[in-house]
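Ligands are counted one by one from 1 in listed order, and the atoms in each one are counted from 1 as well.
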Amino acid sequence: MIQIPQQIVDGIIQQALAELPNEACGLLAGRENVVEKQYAMTNIDNSFEHFSFDPAEQFQVLRSARGLDLKITANYHSHPNTPSRPSQEDIRLAFDPDIFYLIVSLAAEIPVLKAFEIQNGVSTEVSIQITSEKYKHEI
Ligand SMILES: [Zn+2]
């Protein structure tokens with residue numbers, strides 16, 4: 001299970017819509033499986049069927065997260081035209097078994113966000129618990 005604030009879920013979907021027709025991508029930082037921060041990133045592939053992070057930007061994000069005492073908990077990207085499950089390429093390129101992989105699909109009328117763990121070439125869907133900002137402030 002991964003916990004994501006509503007505001008960040010909305011942010012991922014907004015970015016995915018804004019970057020159509022290309023895939024959008026980014027990183028999520030937090031503690032354990034609780035996401036606290038979204039980093040929208042540039043898809044340097046400029047493609048509707050794959051993405052790559054900008055290495056320099058990725059370095060900045062890692063440094064920023066470390067400065068906030070957060071770890072990268074997930075990466076995310078959009079599928080403009082296909083369902084929200086990892087493609088063969090997504091699975092092949094999923095090098096980190098310790099993070100979650102989120103995919104937002106824009107293929108249907110309503111965006112669909114799903115989370116996966118990818119280990120040894122096998123992807124397993126994990127549930128997403130959406131927390132509201134209000135709840136977060138009450139903790
Ligand atoms: Zn993909």
Single-linkage hydrophobic cluster I12~L27, side-chain heavy atoms < 4.5 angstrom: no
Distance (rounded to the nearest 0.5 Å) between L113 CG and I130 CD1: 7.0 Å
Shortest non-hydrogen contact from I44 toward P55: CD1-CD, 4.4 Å
Modelled atom types, side-chain donor and acceptor of Q38 and Y76, under 3.5 Å: yes
Side-chain H-bond candidate by donor/acceptor type, S123 with Y101, under 3.5 Å: no
Under 2.8 Å from the Zn ion (ligand 1), the protein N, O or S atoms, given as residue and atom: H77 NE2, H79 NE2, D90 OD1, D90 OD2
Any side-chain donor near an acceptor of the partner, Q6 and D10, under 3.5 Å: yes
